[in-house]
Each structure stands twice: as structure tokens, then as C-alpha cells.
Amino acid sequence: MFSSPRGTADILPEEAREWQWMEGIARDLCARYGYGEIRTPLFEHTELFHRGVGNATDIVEKEMYTFVDRSGRSLTLRPEGTAPVGRAYLEHHLNALAQPVKLYYVGSMFRYERPQAGRMREFHQFGVEVFGSASPLADVEVITLAHSFYEALGSRDTLIALNSIGCPQCRPRYLEALQEYYRPKIGGFCANCQRRLERNPLRLLDCKEEQCRRLSQDVPPIYDYLCSGCRAHFQQVQELLAASGLAFQLQPRLVRGLDYYTRTVFEFIHSALGAQDALGGGGRYDGLIEDLGGPPVPGVGFAMGLDRLLVVLRQSGRPGKAETDPQVCVLAFSGLEKEGFLLARQLRAAGLRVLQDFGERGLKAQMKWAGRTGAPWAVLLGPDEWQQQKVILRDLTAGGQEEVAREQIVPELCRRLGSAAGER
RNA sequence: GUGAGCGUAGCUCAGCUGGCUAGAGCGCCAGAUUGUGGCUCUGGAGGUCAUGGGUUCGAGCCCCAUCGUUCACCCCA
């Protein structure tokens, strides 16, 4: 017996309806905001992630599903969506289109990690990217889009954490200041922090070790070091968010784990999630396209974990479901299976969701099955009634039944099930 | 990669200090009703006790390893 590989999961039909519902809301919302869907491959050249995500990141250092194919190329299952979308933007010269170019994606990402609550090796993200605008309006548009998404799903209690991590102009000065601050007392910090002091001092800020937090209590905030451009940008992002009525929390120690971020970074935090409490996150990545070998093109976007989102929705209220419940079951006595089959076809052509029992068992078993499908109506084809050009229409909810003329059954069911179905 | 808990029927679980052919509830299939679901009753199918090794007269139970799973660390979605 096989089971699905570690950290992966099957999504069975009942659960898939929740996914369809959730993804449908994402797609509608993106259409309303003018984002077009992009579908990129599930694997890319490994080098793309080295360059796009950054060699010093945990993703690249230890979490990638990398393999060599039969011709010796090194390929990697995508661990995130932004670098592939950036690659596609360049490859297809989307900078020749009217700017900005606004894209969204929904799909699987892969990271080799130990699974735990809210973390799988294959997980699902919904993300958006805006290329070609440096305006703070773009930053705020993606944040409000994410917020609208949570609202449309009925999820409350999502905290927006916001920060700016500067740009290549001003960040180096801040990194130096950080190193100066930490260096004298680095002995008291955890091994991780000690290792990072020279490589990536920003990461010392969000270390969760009790000891490290205490020792860096009075670390200088980045705000004093931002250049005038970054400062103005950050200021406007905050004003626009406030004007949109979105509550957010400035978190001077919010740094994100991917190298491409500049200026604005943000995270959506949900308290119901336990240790893995980030529902989504994102920020601005003005250097990414250049890092990938293209012209300087500013960008901003977010990604959110749909698996985690579903966990939250199940905890507070019920997630919606795609409408797929069967409406009619067709049951036929032995010898009338073909007639039942053809009637089911007619009903489906009229737009109804119809199941047919394939026979091979008694009427009792068929009825039992029909009851379990949840369909409100059953049509029974019995030899006596069929001879008189009639069928039995049974109400599976209330329990009664009546005879209906054969040629009347399709319109009759359409009428009882209401609405549009019959008008196709 | 590190640490801890847990693996008995499709599901939820019981199984004493190691001792007969390993149990329950739910679910599934069939019958009671030769043409009618839900309720009830009766019967049936379904288990390499995660896998491999060890200790023992004897292992579902004890020991070791492996795999899986859950949670946490690291980090992120």
C-alpha cells in the first residue's frame, strides 16, 4: 500500500468544494482589481531561485526540491511564486505592455521542511504581483486587495504588520549601525545570531530567542536611517492605508526572509494559527527584475498560504462550498436502465445536477443510495407506470411521491428546483 | 537538520503486572419488506496489531532500528 509522500495531502471532493469556493473569490476579486492570471511552470531552472530569492536565504540554503533531469539540467520545484513570475515578465517582454502589469497566480509551491501544523511540503498560495510602478499607491493596492480577500471570505482578526527596510541607498548605513550596536554584546546571543551578524544583520531583529530579544531591546529603529525617498514612500503608504480605513501595526523589527525585498514589507498575522501564524506576506521588490538580468523595473506583491487560511476559516465559522450538491437521482427497475439513462441525460441538458443509479441492485438499495446522496428529488422508472407514459417523482426530503407524465418530468423538476436551470 | 508524543478494522477507540481463536461503537454489504431511503431487528464481510529485528515457554503490550504521523525548534505561507 502506498500513501501520499510526506508533507503532501490529497484534497478529496468534499474538501475540494471549499477550495473551489475560496479560489473563486480570489479570481473574482482579482478581476475586479484588474489583475490577470498567470500560470507558470511548477519547476524552473535552479539558478532562477539562487538569483531571484537569494543564496543566503533559508529557502535556497536548505528547503528546495532540486533534482537533475535526464539531460543533466538542474531543476527546482518552485518554492515561491515571485521569481518565476518575474522571469515570465522578462521572457515575454511584458515591459512592452502598458505599465503597470498586474498579475495573480494560484497554485502549489514546494519546500523541503519537516511538516507541522500549517506547514506542508506541498502547499498552496494565492499571490499577486505589480510590475512597473514605484508608486506607494501600488503598495497599498495590493495590501487592500489582500484585506478585501480576507473580508470576502469572512475572516476577521487578521493583523496587518507593516515596516520599511529601506533600499540599497540607505540600508547599508543601517546595517553598519546594527553591527555596531550588536558587536560589543554579541557573545550573549544565540549561535544563529552570531553567525548572522556579518552575513545578514537584519535577521538579528526578528530572532525569537528570549535571550536575544532582551539584549536587543533598545536597538535603533531603521526609521532614523531611511533616505528621504524611502521615508517619503513609507509615509505615503501609511497615509493611504489610514485613508482606506485599514488598521495596521508598525513593526520596526519585521524583516522578511527573502533577499529581494526593498522598502515596504508587510505580513498578515492571525492569532488562531499557533506557531505558524503568518497567513501571508509580501512587500516591494524594486531590484528583482534587474537581479534576473532585466532592466530596472519596480514591483510589489504578496503571497498568502491558502492551506492556513482554510484552517482559520474552519475555526471561526464555516468556509463556503462550491455548489455541487446533486439535485435529482434517477432510479430504474430492472429492464428500464436504458430509459433511465436517457432521462438523466435530458435532465442534465436542462441544467440540473443529476445522478443515476447504475442498477445491478434492488430498488431498496437504490433508494438507500439516493437518500445518502442528499438529492432532494428522485425519479423512479417502474414498468407499470412506464407503460402508462408516467414516472414516479419522489420527494426525498418530505417523503411523499406522485406520478408525473413522462414528457412533463423535465419541466416539472426544473420548476420545483427553481429558476434558471430550466431556461437553458 | 534538532527535540518530544503517538501508530490496534474504512473512522473513533478499548485491550489489565506479557497468558486461549484481538474487541466495541459508528460506517459498509445483505436479509426481515418478490416495487420504495431515513427508524428498528438479524446476519455477514473487513485486522501481516506501521515495518524489520530482538528478549521470553509465550509479545498488540518489553527492548532496538526504520518508516509514518502530530507538535515544537529553525524559518516561513
Side-chain angles (χ1 to χ4, degrees), chain A residues 1-9 12 53 56-64 78-82 106-127 146 158 190-193 195-196 200 203 206-210 212 254-258 265-270 273-282 302-312 329 331-336 357 360-386 392-401:
Chain A
M1 263 270 274
F2 290 104
S3 54
S4 77
R6 181 159 211 205
T8 67
L12 301 179
V53 177
T57 59
D58 280 16
I59 290 179
V60 171
E61 275 183 347
K62 52 183 203 188
E63 295 174 2
M64 295 210 301
R78 62 183 187 190
E80 59 99 50
T82 302
V106 177
S108 292
M109 305 294 160
F110 306 85
R111 292 184 199 171
Y112 188 91
E113 296 184 275
R114 292 277 284 264
Q116 67 185 77
R119 176 196 291 162
M120 298 287 278
R121 289 184 171 182
E122 179 183 16
F123 59 104
H124 303 83
Q125 286 191 333
F126 158 47
T158 303
C190 70
N192 255 325
C193 286
R195 189 168 51 83
R196 284 173 178 147
N200 195 351
R203 299 309 302 274
D206 71 342
C207 183
K208 286 168 185 164
E209 291 284 335
E210 185 70 28
C212 303
L254 174 65
V255 249
R256 305 214 5 105
L258 288 68
V265 293
F266 53 86
E267 248 170 42
F268 304 101
I269 314 277
H270 199 102
L273 276 174
Q276 314 302 320
D277 64 354
L279 265 186
F302 69 71
M304 64 176 72
L306 296 180
D307 314 75
R308 288 182 186 179
L309 193 45
L310 219 39
V311 168
V312 167
C329 282
L331 312 182
F333 281 83
S334 175
L336 288 170
D357 193 277
E360 303 172 320
R361 50 184 170 184
L363 184 65
K364 182 184 176 64
Q366 293 193 42
M367 280 298 295
K368 190 172 180 184
W369 164 79
R372 292 194 52 177
T373 65
W377 297 100
V379 177
L380 286 74
L381 278 63
D384 300 344
E385 294 82 2
W386 192 256
I392 298 170
L393 176 58
R394 185 172 175 85
D395 183 336
L396 291 175
T397 317
Q401 64 184 38

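Labels below follow one simple rule: chain letters A, B, ... track the order of the sequence lines, proteins then strands, and each chain is numbered from 1.
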Secondary-structure string, 5' to 3', Watson-Crick or G-U under 3.5 Å, | for another-strand partners, for RNA chain B
(((((((..((((.....[...)))).(((((.......))))).....(((((..]....))))))))))))....
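- With a 4.5 Å cut-off on side-chain heavy atoms, A/D58 and A/K62 count as touching.
- In this structure, A/L279 and A/M304 have side chains that are not in contact, with every pair of non-hydrogen atoms separated by 4.5 Å or more.
- Here the closest heavy-atom approach between residue A/F266 and residue A/L254 is recorded as CA-CD2, 3.9 Å.
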Could you run through nucleotides 65-77 of chain B and give me one letter per nucleotide, 5' to 3': B if any protein heavy atom sits under 4.0 Å from the base, S if only the sugar-phosphate is that close, - if neither?
----B-SBBBBBB
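- The same atom, C1', is picked in B/rG38 and in B/rG52; the two are 48 Å apart, to the nearest Å.
- A distance-only check finds no donor-acceptor pair linking the side chain of A/R394 to the backbone of A/W377 [under 3.5 Å].
- Rounded to a whole angstrom, the distance from the C1' atom of B/rU12 to that of B/rG43 is 24 Å.
- By the side chain to side chain donor-acceptor pair (under 3.5 Å) test, A/E122 is found to be paired with A/S108, residues two or more places apart in sequence or in another chain being considered.
- As rounded to the nearest Å, B/rA4 and B/rU66 have P atoms that lie 13 Å from one another.
- In terms of the salt bridge (charged side-chain N to carboxylate O under 4.0 Å, His left out) criterion, A/E80 has no residue partners (sequence neighbours excluded).
- Remark: A/R121 qualifies as a cation-pi partner of A/Y112 under the 6.0 Å distance and 45° angle criteria applied to the six-membered ring.
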Summary of protein contacts for nucleotides 33-40 of chain B, nucleotide by nucleotide, where a base hit scores B, a sugar-phosphate-only hit scores S (4.0 Å, heavy atoms)
--BBBB--
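- Among residues two or more places apart in sequence or in another chain, the salt bridge (charged side-chain N to carboxylate O under 4.0 Å, His left out) test is passed with A/E113 by A/R119.
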